[in-house]
Amino acid sequence: MEREAELDWIRRFLAHLEAGTTDLAPSELRLSSSLYTSAEHCARERDFVFRRRPVVACFSCELRDVGDFFTLSIGGVPVVVVREAADRVGAFVNLCRHRGGPVAEGRGRVEGGHFRCPFHSWAYSTSGELVAIPEGEAGFDSIERAEWGLRRLACAEEAGVVLVRIEGEDPIDAVEALCGVGPDLRAIDLPNYHHFETRETEWECNWKLLLATFLESYHVFSLHRESVHPWYFSHPMVYDAWRGNVRFPVARRTLVDLATLPEAEWRLADHATIQWFIAPNALISYTRNYLLLWRFYSPVPNRSEVVTSLYCAESVEATGTRKRLANAFDGQMRIAGAEDFVLQETIQRGLDSGALPEVVFGRNEVVAQAFQRSLTDAVPGRREGEGGNCT
Ligand code: FES
Ligand SMILES: [Fe+2]
């Protein structure tokens with residue numbers, strides 16, 4: 001975080017703590033349970049949110065050298081992102097133009113400078129051009145190679161974040177997509193972080209239920225009574241929002257000690273986990289020791305795909321470092337999985353029954369509200385979202 005924003009946040013937090021108050025939304029937010037259960041709404045989210053808006057694909061540090069690639073699914077579309085040149089990352093539909101084979105799997109570096117489809121070995125350059133049809137030239141003599149390259153997608157890189165959009169030819173306005181969050185990520189030098197590991201998990205519930213567990217600390221005193229609450233405040237909640245993106249540190253109990261120190265000695269990262277939500281579906285959680293990126297998606301209303309990556313500011317090569325990071329990753333996944341996500345699966349089963357027509361977010365669940373409102377901007381027929389200046 002930039003220094004003035006850091007001090008401002010701590011001042012606001014301490015003032016709330018002393019007064020026994022918290023940031024509040026103007027009103028409660030009631031939502032139809034069908035937002036979590038309806039196949040029709042899920043399809044609208046896929047089309048209007050995940051395919052028409054830029055989403056966080058990965059971080060620049062995962063694609064450090066030319067030819068480094070990473071595959072993922074965005075709104076159900078298989079995608080490969082690749083460093084095409086030292087200063088350029090590209091994104092392509094990960095489907096061979098012959099008959100749809102995947103030209104890349106997982107992550108790695110392209111062999112021999114080319115993607116190669118496993119089905120019949122059609123080869124593509126890292127810029128997506130079709131460069132070879134081995135043993136099949138005669139069978140495709142009317143194919144104009146220049147027109148049969150991989151389908152290119154809109155892609156942009158900013159502040160160490162790689163953004164991809166499935167639909168539309170217009171370039172991505174990455175500064176706008178990272179509105180408010182970009183300066184914070186530059187301040188922690190995200191482009192020079194190191195990728196440690198990525199884990200993919202699936203859960204039997206809607207992606208919004210999972211993501212929302214990160215967006216309010218109100219539940220910490222209850223659901224995480226033993227695991228988190230001894231070290232973290234459940235409230236106050238203090239946040240900043242910019243056009244759907246949100247910054248909301250969650251304070252450790254040691255933060256209260258800062259009240260007796262001069263501001264020059266205030267260091268938020270020593271006393272909080274700093275979280276950023278990047279609309280529509282990415283969550284960054286930052287501590288001094290490592291940083292986690294969570295991405296959420298539901299191909300059907302009651303199933304979620306979650307991709308979680310852990311990064312570190314220092315090199316991740318040393319055995320001791322790897323052990324420490326693996327333990328930290330295990331611990332984070334254990335709390336999120338066994339405490340937050342398992343409960344959301346139970347909630348999903350309940351909502352699927354149709355017995356609870358609506359749910360309500362309190363005024364104190366202000367960031368979770370902002371998240372829901374950021375979706376309503378994009379999905380037709382929903383209410384307008386919260387605004388804010390992009391600085
Ligand atoms: S499907 Fe890719 S080469 Fe045939
Ligand atoms: Fe939680």
Side-chain angles (χ1 to χ4, degrees), residues 71 78 80 92-105 110-112 114-125 128-141 143 145 147-151 201 203 205-235 237 239 246 248-252 272-277 283-287 292 294 296 304 306 308 328-348 361-362 364-368 371:
T71 60
V80 56
F92 303 93
V93 173
N94 187 16
L95 294 172
C96 174
R97 292 295 301 277
H98 177 213
R99 284 161 56 196
V103 301
E105 282 190 82
V110 288
E111 281 178 33
H114 296 147
F115 292 112
R116 192 185 65 80
C117 175
F119 203 173
H120 312 88
S121 283
W122 283 28
Y124 300 86
S125 74
E129 293 112 357
L130 175 61
V131 293
I133 306 179
E135 303 194 25
E137 296 287 354
F140 299 90
D141 51 6
I143 289 288
R145 282 193 194 179
E147 293 169 15
W148 287 81
L150 298 175
R151 273 197 55 209
T201 54
W203 301 89
C205 61
N206 191 270
W207 70 282
K208 300 186 295 296
L209 293 176
L210 298 181
L211 177 49
T213 65
F214 290 91
L215 304 183
E216 44 89 3
S217 51
Y218 171 38
H219 71 280
V220 167
F221 82 95
S222 176
L223 185 59
H224 305 304
R225 189 183 304 273
E226 311 285 339
S227 56
V228 180
H229 195 236
W231 292 278
Y232 283 85
F233 284 103
S234 198
H235 60 88
M237 188 87 183
Y239 79 108
V246 189
F248 53 107
V250 181
R252 287 176 170 273
T273 295
I274 303 173
Q275 301 194 119
W276 295 273
F277 167 62
L283 188 287
I284 296 174
S285 175
Y286 166 82
T287 70
L292 286 164
W294 301 77
F296 301 86
S304 289
V306 182
T308 313
F329 209 168
D330 289 346
Q332 289 291 327
M333 296 299 281
R334 194 164 46 242
I335 291 175
E339 298 187 8
D340 290 294
F341 294 176
V342 163
L343 179 62
Q344 305 315 305
E345 292 185 320
T346 304
I347 288 172
Q348 181 74 44
F361 288 84
N364 58 332
E365 297 174 286
V366 60
V367 177
F371 159 59

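Every number for a ligand or one of its atoms is a count from 1 in the order of the listing.
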Colleague: Taking the side chain as everything from C-beta on, heavy atoms only, tell me whether K208 gets closer than 4.5 Å to F371.
Modeller: yes
Colleague: Can you label the angle between the H98 ring and the F119 ring as parallel, tilted or perpendicular, going by 30° and 60°?
Modeller: tilted
Colleague: Thinking salt bridges, do E339 and R225 make one under a 4.0 Å N-O criterion?
Modeller: no
Colleague: Around atom CD of E105, are there more than 12 heavy atoms of other residues, nucleotides or ligands at under 6.0 Å?
Modeller: no
Colleague: So, do F277 and Y239 sit near enough that their side-chain heavy atoms are less than 4.5 Å apart?
Modeller: no
Colleague: Does NE2 in H224 sit with more than 12 non-hydrogen atoms of other residues, nucleotides or ligands closer than 6.0 Å?
Modeller: yes
Colleague: Find the distance between CG (L343) and OG1 (T213) and round it off to the nearest 0.5 Å.
Modeller: 9.5 Å
Colleague: When you measure from the side chain of T273 to the backbone of V250, do you find a donor-acceptor pair of N or O atoms at a distance under 3.5 Å?
Modeller: no
Colleague: Kindly tell me which protein residues have any non-hydrogen atom under 4.0 angstrom away from an atom of ligand 1, grouped by chain and ordered by number?
Modeller: C96, H98, R99, G100, G101, C117, F119, H120, S121, W122
Colleague: Number of protein N/O/S atoms less than 2.8 Å from the Fe ion (ligand 2)?
Modeller: 4
Colleague: Taking N206's backbone N and O only, do any of them form a donor-acceptor pair with Q348's side chain (distance below 3.5 Å, no angle check)?
Modeller: yes
